[in-house]
Amino acid sequence: MPAPTDAARIEELRTLLHRANRAYYVESAPFMADSEFDALLAELAALEARHPELSDPNSPTQRVGGEPVDGFVQVAHRVPMMSVDNTYSIEDLRAWWERCERALGRPFQAVTDPKVDGVAISLRYEAGRLVQAATRGDGTSGDDVTHNVRAIHAVPLVLSGEHAEVPAVLEVRGEIYMPSASFERINAERRAAGEPEFMNARNSTAGTLKSLDPAVVRARGLSFVAHGAGESSGTTAAGRPVERYSQFLAVLRALGVPTSPRSRTCRSADECVAEIESFAAARAELDFAVDGMVVKVDSFADQRELGVTAKSPRWAVAFKYPAERRPTVLERIDWEVGKGGTLTPRAIMAPVVIAGTKVQHASLHNIDEIHRKDIRVGDTVVVEKAGEIIPQVVEVAAAARPAGAVPVEPPSACPSCGEPVTKEGPKLFCTNGACPAQFRERLKWFVGRDQMDIDGLGEKIVDALVDAGLVRGFADVFTLDPAKVAALASETETKAGTRVRRKIGDKVAASIAAGADAARGRGLARVLAALGIRHLGAATAKSLARAYPDLDALLAASVEALQEIRDIGEVTAPSIHADLHSHAMQSAFRALRGAGVSLASTTFVAASVAPAADSPFAGKTVVLTGELETMDRRAATERLESLGAKVSGSVSKKTDLVIAGPGAGSKLAKARELGIEVWDEAALAAALSRA
Ligand SMILES: [Zn+2]
């Protein structure tokens, strides 16, 4: 296979990181290590910096946390909830310290705070009373979880005015977490009741906060610790305004808000490193999971001077401790079939608790990796995990190898369809185009949020539909009989965070039907990207849909014509052309058309009338920030692009226009600072209707 182009790699990384983000924040089922996520995000940011023309306001680099889930009211954060940059090395931490010192031009003092592994929350107090609790969400708005947070004893409902003056408005930022004792007690109760155990304290915290029933929250024994401020009318100590984070923490404690008893003030990088090292040993004794240490510049004036980037404050950094390791026994290896036919080995191990999580599965990547590490079934393997990290098999405890340990042979047949397996480098493939396991994974991709975005069709429901034979091709999801869907059983997560099998039911079946109806009109670009054609990701699909008015026109195009399109080269054009004309795709297209799915482009730009020069957006660089209330952000982006605008994710001197909705934060501030024209959504809507 050729080296992927930068554009394809950007596409691949965005998709992967969006998925990882959703798995982590929305589904509470992470599949990627923090360190791996951070590394991929850094790679993406570097590629995007090199290719500003490929910027996208929906790129994972453009946001801070997760997307809120349905069922809760959205709350805009008056001050954005930023995330702190992570580092895994002491040298990076020292480099950060030096950068701050250089920028400030003087020595400074910092505060170290243990990084509690929980769910970030913003608590708003007005006249000393808790009026709102909101999750971080995407950093500009989150879910209103006030009803649940009130059930957490550690969160004061009324601030104490006994030892400090209560500010008119105070937003406390902090972390909701599940103490290890609560986690273990709940699991012991569940074991006794014959119910499945929770895997992880952080995920059960997130799941608990999403519960609609505060009684569940109360029973879970969640806790809270504060670590920052949002909007505030000003806190005072002894009648004088608070000027330092360390003072602010003292005021919070005086007001009855829990803060970390382990906060320390450091005057140098050396002091800071010493604190991190001494805490490394102490943290294992704590009653809750701590995965690192946050270091913040103490003086608020210094913080303002250092400022923020689009994503995180320059005045703070989080040092993360290395992963925890434990031995366990490798019981067997399963080979899982992916959407492209790749067979990935998965280790099934005796359960072991690492970093507060029960671990029994780990990806072994590929057969060469298994042989390189000489992993055999029956071996004692060393597994690594830290916080939300995905477990990894680091090495084999060779001395503990039993006589009967079995070397791993690659399978010669696909475990799903039984067809022969081919090997390309270290990778094994099932090349059977009709392989049921591959279709299942491709279908999950097809209905996914960034592709056809069919509401209600989660992975478990897709499994149930395929198992029952109700869906045999992509188009079948558009013609499902709701009564048959409702009667199926599917695995689902209860509000308590455990998995059970339940009937899908009329309500979900109806929402799937409505979701499919809504998805029919997504247009050619989305359909092409959803089909999982090699070398045809979302960016390429968009380019094709700009060049051709509909599928028929695209199918009539020659390989040479395709080669002229942005993102498509000499190598990919023949491959895309061949796949579009393959028997499988031809029948998929026919079936989709038959199911009423639009194969017309919504963004076609005829070359002869290329973005009209009189379009107010031709050649302009536009940034969308904050929330759009009447328009879909993706639709607005596509419309602007079709009018010749370049839609960018970040504000710079090259930006011509910023569209700011409610909740717009640092980008709007920067636009004002640079004197860039700013419109609201109504002005954009008016201009689009004229264009
Ligand atoms: Zn197969």
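Hydrogens, waters and symmetry mates play no part in the numbers below; they use all other heavy atoms, side chains included. Whatever order the structure lists ligands and atoms in, that order sets their numbers, starting from 1.
Atoms of the protein (N, O or S only) found under 2.8 Å from the Zn ion (ligand 1) are Cys414 SG, Cys417 SG, Cys430 SG, Cys435 SG.
Residues Met452 and Val447 are not in side-chain contact: their nearest non-hydrogen atoms beyond the backbone lie 4.5 Å or more apart.
Note on residues 581-603: pairs passing ring pair (Phe, Tyr, Trp, His ring centres under 6.0 Å), not counting sequence neighbours, are His577-His581.
Taking the charged nitrogens against the carboxylate oxygens, Arg401 and Asp374 do have a contact shorter than 4.0 Å, which makes a salt bridge. Salt bridge Glu48/Arg14: present, at least one basic N to carboxylate O contact under 4.0 Å. With respect to Asp334 and Arg346, no salt bridge is recorded, no charged nitrogen being found less than 4.0 Å from a carboxylate O.
Residues Ser363 and Thr344 come closest through the heavy atom pair OG-CG2, 3.9 Å.
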